[in-house]
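Written out below as structure tokens is the structure these notes cover.
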Amino acid sequence: MNLITSIKSLIEIYIKMINFLDLQKINAQYAEELKKVASEVIDSGWYLLGERVKQFENKLADYIGVKDTITCANGLDALRLILRAYIEMDVMSEGDEVIVPANTYIASILAISDNNLKPVLVEPDINTYNLDISKIEQHITNRTRAIMIVHLYGRVCWNQELEELAKKYKLKIIEDNAQAIGAEWNKRKTGSLGDAAGFSFYPGKNLGALGDAGAATTNDKDLASIIRVLTNYGSEEKYINAYKGLNSRMDEIQAAFLSVKLNYLDAENKKRLEIAKLYCKNIKNKNIILPEIPNDNEHVFHLFVIRCKERNRLQKYLTENGVQTLIHYPVPPHKQKAYKEINYLSLPITEKIHQEVLSLPINSGLNLMEIKKVSNLLNLFR
Ligand SMILES: *Cc1c(COP(=O)(O)O)cnc(C)c1O
């Protein structure tokens, strides 16, 4: 770059809004391959329950390191279907309890209550934002059947203690892996750690489709086959119904897109980690709490979440200076109108997190100058 063009691009960055997430820019990197597979699907005349879904399921199973992957319509359905299948298997029944983090996206909890199971909310660890595993045991009753963990913001929520608890009380562990695809704990990928896991391929997730899509993974053959039947009206043989199922299937076109994008997931996650490290190195403001960067691949930074006592003022300041941020999430599930029966609960750590968190832009579309601009603005915030 000569001097003029570099000054030009510098000015451009300072004038142009930095979007939280620019999906157009991200998918443009793969546009040629995506267009090719899209036209193959169009020409094939086969749009559901076909070869491309099968191929993606095998590819994802290999990547995660599990025996079975069952694709479905979205991440919420993946979690709903896992619990529904356990009910069909008599592993749990209506009114049983499922432990779940209070600090999560509402979908984790919706999957439980939708199956007439009772979500039991447990506080997070203020440093990791993930379920505080040391607080699980005090919530276990004779109705507890499962623990749903959420690898929130892309950070692994797992340890030996969790495995031992599940074994001791004979509980299933279900992973909500919507935000952490590609993350690892002791060289094992999230989605292979528990008894079953739900994935989301919502366009903004680390592995995003060009529409809605989801999947469940497991090593349990019986569970897998029931989930598969449930995704297709509860029917294995056409017009013969073993269960009251759903219609929750992944489109062939989304499976084709996801097979392309899965090839680039590790590179995408690596870029996210690099950006997270740059933010942590460059941002020095004692009023801002940065996320921890754990070892190895224990965080895939779906979100880069900072905390600030004056979160709302900080967000306004960043917007005025051309940086779009989001809040994940502004209202905790137990304070939502949808859950008025548990609005009385007091979960101070969760509530504090919801008041103070702010998510900075983090994705492969960001360049070095944009990261510096965001960091500098944060350093100047008083
Ligand atoms: C995105 C998400 C879901 C739901 O996935 P959808 O595909 O949008 O239905 C579930 N849990 C968490 C933690 C999520 O972030």
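Counting convention: from 1, in listed order, for ligands and their atoms alike. Sequence positions, counted from 1, serve as the residue numbers for this chain.
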Q. So, the side chain of Asn363 versus the backbone of Phe20: is there a donor-acceptor pair under 3.5 Å, distance only?
A. yes

Q.
Could you go through Asp68 and Lys221, starting from their C-alpha distance and side-chain angles, then the distance that decides it, and tell me whether this counts as salt bridge (charged side-chain N to carboxylate O under 4.0 Å, His left out)?
A. CA-CA 7 Å; Asp68 264 296; Lys221 284 274 164 206; 3.1 Å; yes

Q. Other than Ile253, which residues form its hydrophobic cluster under the rule that side-chain heavy atoms must be closer than 4.5 Å?
A. Tyr30, Leu34, Val37, Val41, Tyr47, Leu210, Phe257, Val260, Tyr264

(Q) Looking at Tyr202, I'd like to know if its OH atom is crowded, meaning that more than 12 non-hydrogen atoms belonging to other residues, nucleotides or ligands lie closer than 6.0 Å. (A) no

Q) Are the ring centres of Tyr344 and Tyr339 closer than 6.0 Å? A) no

What are the distances between nitrogen or oxygen atoms of ligand 1 and protein nitrogen or oxygen atoms, counting only those under 3.5 Å?
| residue | atom | partner | partner atom | Å |
| --- | --- | --- | --- | --- |
| ligand 1 | 5 (O) | Ser200 | OG | 3.2 |
| ligand 1 | 7 (O) | Gly75 | N | 2.8 |
| ligand 1 | 7 (O) | Ser200 | OG | 2.7 |
| ligand 1 | 9 (O) | Gly75 | N | 3.3 |
| ligand 1 | 9 (O) | Leu76 | N | 2.9 |
| ligand 1 | 11 (N) | Asp176 | OD1 | 3.3 |
| ligand 1 | 11 (N) | Asp176 | OD2 | 2.7 |
| ligand 1 | 15 (O) | Gln179 | NE2 | 2.8 |
| ligand 1 | 15 (O) | Lys205 | NZ | 3.1 |

Q: Would you confirm whether Glu252, through its side chain, and Arg52, through its main-chain N or O, come within 3.5 Å as a donor-acceptor pair?
A: yes

